[in-house]
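One structure is given here, and the rest of the page talks about it.
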Amino acid sequence: MSENANSAESPTASPFEASRADLLDRLLDRLEHIDRVASRLERLADEAPPLMATAVDALDDSCRRLAESTGAGADERLGRVLRLLERLTDNDTSRALDALLDRIDRIEPLLERLDQLPGLLAVLVDALDESAGRLARQGIDVEVSLRQGVHALLWLGQRIREPELERLGILLRSDVLEPHALAVVGKTGRALAACHEGACDGATLEQVGPIGLLRALGDPDVRRSLAFAVQVGKRFGQSLSAPDAPGDGR
């Protein structure tokens with residue numbers, strides 16, 4: 001009976017006390033881990049200033065090399081980046097970029113053609129070099145010819161007026177510059193030059209009267225010239241009686 005009385009007199013542990021005891025047990029179990037973490041944090045705190053100093057030195061050295069190699073320091077480059085960002089975020093720039101992105105499928109073929117442009121330019125340069133070499137072998141200086149040609153065009157463009165240019169176009173469309181007509185003009189010019197240099201100058205010019213003219217008709221060359229003049233007169237008369245052709249330029 002005395003054992004029952006003692007057991008009844010001993011106090012029973014409450015749930016709160018049991019929970020606190022369990023928490024204390026877990027804290028005691030984690031004390032070693034907490035101590036290791038605290039020691040590691042202390043080491044990091046001790047090593048942080050030297051590490052920061054090393055990082056700052058490395059950054060300063062990089063900025064110095066950047067300024068020496070490009071002539072622009074980090075501050076200037078950062079300012080450029082900020083200005084570029086400001087322009088990119090502008091309303092007009094944003095709209096332009098949107099329009100560009102909407103047409104990117106059309107731009108891609110152009111970029112592919114641009115990739116082929118160096119090869120085409122190389123082919124063109126080779127062709128020009130070959131043409132220049134061929135002209136040089138013929139005794140033609142391409143550089144001088146181009147310079148004089150441009151000068152001639154500028155000179156002519158400064159002095160010619162629109163009505164004269166229109167008449168020049170009519171001349172180019174006519175048959176005056178036809179190869180056979182030019183051949184006749186060339187022969188006439190050579191005959192005039194030979195006459196001026198030889199028998200037709202003022203010192204040796206002989207007068208021809210009616211008898212001399214009849215005598216000259218016996219010359220085969222004179223008869224050939226007269227036959228040509230008669231044919232020209234006949235064709236010219238036919239052209240006068242015919243209506244103007246569309247190629248006359250009128």
Heavy atoms from other residues, nucleotides or ligands near CD of Glu86 exceed 12 (cutoff 6.0 Å):
no

Would a hydrophobic clustering, with Ile, Leu, Val, Met, Phe, Trp and Tyr connected at side-chain separations under 4.5 Å, put Ile160 with Leu153?
no

Can you name the closest pair of heavy atoms from Leu217 and Leu226 and give their distance?
CD2-CD1, 3.2 Å

What distance separates Leu177 CG from Leu171 CG, expressed to the nearest 0.5 Å?
5.0 Å

Check whether more than 12 heavy atoms from other residues, nucleotides or ligands sit under 6.0 Å from atom CZ of Arg113, and answer yes or no.
no

Is there a side-chain contact between Leu135 and Gln138 (heavy atoms, below 4.5 Å)?
yes

How about CG on Leu146, more than 12 heavy atoms from neighbouring residues, nucleotides or ligands closer than 6.0 Å, or not?
yes

For Phe228, what are the other residues in its hydrophobic cluster, where any two members join if their side-chain heavy atoms are less than 4.5 angstrom apart?
Val184, Val232

Transitive ILVMFWY cluster of Val144 at side-chain heavy atoms under 4.5 Å: who else is in it?
none

Would a distance-only check, ignoring hydrogens and angles, find a side-chain to backbone donor-acceptor pair under 3.5 Å from Arg87 to Thr93?
no

Value for CG (Leu84) from OG1 (Thr89), rounded to nearest 0.5 Å, stands at 9.5 Å

In short, Glu166 meets Arg173 closest at the heavy-atom pair OE2-NH2, 3.9 Å

CG-CG distance between Leu97 and Leu101, expressed to the nearest 0.5 angstrom:
6.5 Å

Nearest 0.5 Å, please: how far is CZ in Arg134 from CG in Asp129?
11.5 Å

For Leu120, the other hydrophobic cluster members (4.5 Å side-chain criterion, sorted by chain and number) are none

Exam field: side chain Glu164 to backbone Arg161, donor-acceptor pair closer than 3.5 Å:
yes

Under 4.5 Å between side-chain heavy atoms, hopping through other hydrophobics if needed: is there a path connecting Trp155 to Leu168?
yes

With rounding to the nearest 0.5 angstrom, report the CG to CG distance, Leu110 to Asp115.
11.0 Å

Starting at CD of Glu178, measure out to CG of Leu182 and round the result to the nearest 0.5 Å.
7.5 Å

Would you sort out whether Arg95 and Asp98 count as a salt bridge (charged side-chain N to carboxylate O under 4.0 Å, His left out), showing the intermediate values?
CA-CA 5 Å; Arg95 285 193 294 268; Asp98 289 338; over 6 Å; no

Can you hop from Leu114 to Leu121 via hydrophobic side chains spaced under 4.5 Å?
yes

